[in-house]
Amino acid sequence: MSVLVNKDSKVIVQGFTGSEGTFHAGQMIEAGTQVVGGVTPGKGGQSHLERPVFNTVADAVKETGADVSIIFVPPAFAGDAIMEAAEAGIKVIVAITEGIPVKDMITVKEYLADKNCRLIGPNCPGVMTPGGAKVGIMPAFIFNPGRIGIVSKSGTLTYEAVDQITKAGMGQSTAIGIGGDPIIGTSMKEAIELLMNDSETDGIVMIGEIGGQMEAEAAHWIKENGTKPVVGFIAGETAPKGRTMGHAGAIVGGSEDTAQAKKAIMRECGIHVVDSPADIGTKMTEVLA
Amino acid sequence: MNLHEYQGKDILASFGVRVQRGIVASTPDEAVAAAKKLNEETGTSWWVVKAQIHAGGRGKGGGVKLAKSLDDVRSLSEEILGMMLVTPQTSAEGKLVNQVLIAEDVYYPGESETSEIYMSVLLNRNTGRNMIMYSTEGGMDIEEVADKTPELIFTEEIDPKVGLQGFQARKIAFNLGLSGTAFKEMVKFVSSLYKAYDGIDASLFEINPVLKTSDDKILAVDAKVTLDDNGLFRHKDYAELRDKREEDPIDVEAGEAGLNFVNLDGNVGCMVNGAGLAMATMDIIKMAGGNPANFLDVGGTADAARVEKAFRIILQDDNVKAILVNIFGGIVRCDRVAQGIIDAYKNIENISVPIIVRLQGTNAELAKEMIDNSGLEVHSAIALAEAASKVQELVG
């Protein structure tokens, strides 16, 4: 079954004709994703990668029946693009764009509150259901269809986890990159909840980092509602206080933001926490044995 | 992006927030001239000389002093300008003071007692909304207040649909125990402050203290203003306020080369693609018995030019005893990255520390072969665990 995206997902690309959009749309098509078209305002009516280009998301939805959108629009216009997708009735919106101002995301979050849609990201590697659909920028070749769900705030660290799961002889149901910004559409708890309720997922990997309360919130939810083993890792044990580590949201403010504090809470909540990111695959093998 | 106190106050004042007035000076002569001008404009006959550095706790380090005469202004400016100011928020060697703010004295005696208030505006990450945090315990370290008397800290969240409302500003003023003129002043202060926060794409305001003067004015005595870097494209004029002297020169150099770099104190340098993996790599170094010398995200295009620049920046630090390169080649091919590393290594010539290269992803086997056959002093690895044990062998 998987979650969020599958082989039936009809995907459009916002920022389709730009260099990022073009490259990754091509990679998504190659990975077997049903990319049904794209949106670039002013280029409606043209064809790109043998697919139609539309001026608006509403046009694209009307003509193609798209239900998923991936956004490669530059940061200054990305908030607007997310709201346009929501207004047009897109159900799953994946925002890859890095560097959207917090002020814009406050507006976006408020706008989406009463819309029937789910935002993944921004500043994330996207979502991938191997054998179903890739709606993101993850390298498809490291995936293998399987029964482990992966939730992560970061890009290459997600790939690391995916790769270890594959090399350990398992595979992934769905991998969800939730993003590393201070405001994101889908929290770690919500993503884990989706996988916990998925009949084709047997175990979950959660990868967090310093900053914010999201890991603690997810851990407490897992303690109350978890039905599957969860392996966890938190990056940034050695990060100094008060310095942003690459992701806008990765900064230790208070004492609850540290990797140590998060790991302690996760352990208390029954999550199998590894101290080294090299041990994610072997730990999952161990807990599923 | 962090601003100096004087820059933050100028911006707040432009939004109608009452601030303690002051004039910035870079020399003792300028400081005396500033003091004279302030006397003419405000009637103040005492002044506060305040070191302008990007760190809190300046008073504790001797960076904020009261001057009761123009001679005091001169001597205190001479003392503070050029000093290495050490505060609880700086490193042990401190920060060089390039400028002082000459400010009016606002603690003058009068009808009522003065009182200090704490106020900040920031994002509540749990709700995705801005909030105003405030307390009657101004002038103190807010973390200490949160620790000892959390009941004295209040928050007011702002609904983005409608912005800060009047009833919210009144609630804040009531909770702070104000009445009469001071109450009205506070309502205006809070409203203007939030207007400023919203208007300039700020990511933090911390006003500590906000002062109720003896004649019931409400004003900002200090101002810590941080702008959202991602919003700076809308505020080109504020982008020019960046003071690079306040940043680590290596961080600035790396930033100009498009590298995301943070200098740290350890002995093992690292070069990684992706922020999360970079933090995880630092953790691995620590577990292997070393200490990370930096955070460095080379980004998606780890080509020869960027790799070379990254090596040169890491090698500026004499404490670096080894370098761990950790690249997960997803879209980028590992053989191309390997070639970049080999070329960079040859170009730099005198690399005297061992380098461990871990390349995983597309064409990882081929990349390892290229590194192994290059004849360079480079150790290669594919699995992350393997890279970790190589670090341990070298520095653990």
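Predicted, not measured: the structure shown is a model, and the values here were computed from it.
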B/F233 and A/P101, any side-chain heavy atoms less than 4.5 Å apart = yes

With a 4.5 Å limit on heavy-atom distance, are the side chains of A/D163 and B/F328 in contact?
-> yes

Of the listed B/G266, B/A387, B/G361, B/A278, the one with the largest count of heavy-atom pairs under 4.5 Å with chain A is B/G361

Using a distance-only test with no angle check, is there a side-chain donor-acceptor pair under 3.5 angstrom linking B/D283 and A/T238?
-> yes

Enclosure of A/E256 CD (heavy-atom neighbours >12, cutoff 6.0 Å) = no

When rounded to the nearest 0.5 angstrom, what is the spacing between CG in B/N326 and CD in A/E160?
-> 6.5 Å

The reported gap from CG in B/L277 to CG in A/L157 (rounded to nearest 0.5 angstrom) is 5.5 Å

Residues of residues 204-214 of chain A within contact distance of chain B, non-hydrogen under 4.5 Å | A/E209, A/I210, A/G211, A/G212, A/Q213

Greatest number of non-hydrogen atom pairs under 4.5 angstrom with chain B, of A/G249, A/A140, A/P75, falls to A/G249

Can you tell which part of A/Y159 gets under 4.5 Å to a heavy atom of chain B, answering side chain, backbone, both or neither?
-> both

Does any heavy atom of chain A fall under 4.5 Å from the side chain of B/A388, the backbone, both, or neither of them?
-> neither

B/T362 side chain near A/P139 side chain, heavy-atom distance below 4.5 Å = no

Just wondering, do A/P277 and B/I284 contact through their side chains at under 4.5 Å, heavy atoms?
-> yes

Side chain to side chain donor-acceptor pair (under 3.5 Å) contacts touching residues 181-192 of chain A (sequence neighbours left out) | A/R118-A/T186, A/N123-A/D181, A/S187-A/E190

In this structure, NZ of A/K109 is separated from OG1 of B/T127 (nearest 0.5 Å) by 8.0 Å

Closest contact, heavy atoms only, B/G276 versus A/A235 = O-CB, 3.8 Å

Residue from B/A385, B/G128, B/G274 scoring the most non-hydrogen pairs under 4.5 Å with chain A is B/G128

Should A/E217 and B/R125 count as an ion pair when the cut-off is N to O under 4.0 Å?
-> no

Side-chain heavy-atom pair B/Q360, A/Q164 within 4.5 angstrom cut-off | no

Given that the side chain runs from C-beta out, which part of A/F233 has a heavy atom under 4.5 Å from chain B: side chain, backbone, both or neither?
-> side chain

Tell me, do B/D198 and A/K103 make a side-chain contact under 4.5 Å, heavy atoms counted?
-> yes

A/T107, part contacting chain B, at a heavy-atom distance under 4.5 Å = neither

Counting only heavy atoms closer than 4.5 Å, note whether A/I184 contacts chain B via side chain, backbone, both or neither.
-> neither

Do B/K286 and A/D275 sit within salt-bridge range, that is, some charged N less than 4.0 Å from a carboxylate O?
-> no

Counting only heavy atoms not in B/N126, do more than 12 fall under 6.0 Å of its CG?
-> yes

Would you call A/D104 and B/R234 a salt bridge, taking side-chain N to carboxylate O under 4.0 Å as the test?
-> yes

Do A/I106 and B/L123 touch side chain to side chain, with heavy atoms closer than 4.5 Å?
-> yes

With a 4.0 Å cut-off, would you call B/E247 and A/R243 a salt bridge?
-> no

Taking C-beta and beyond as the side chain, do A/E237 and B/M279 meet within less than 4.5 Å on heavy atoms?
-> no

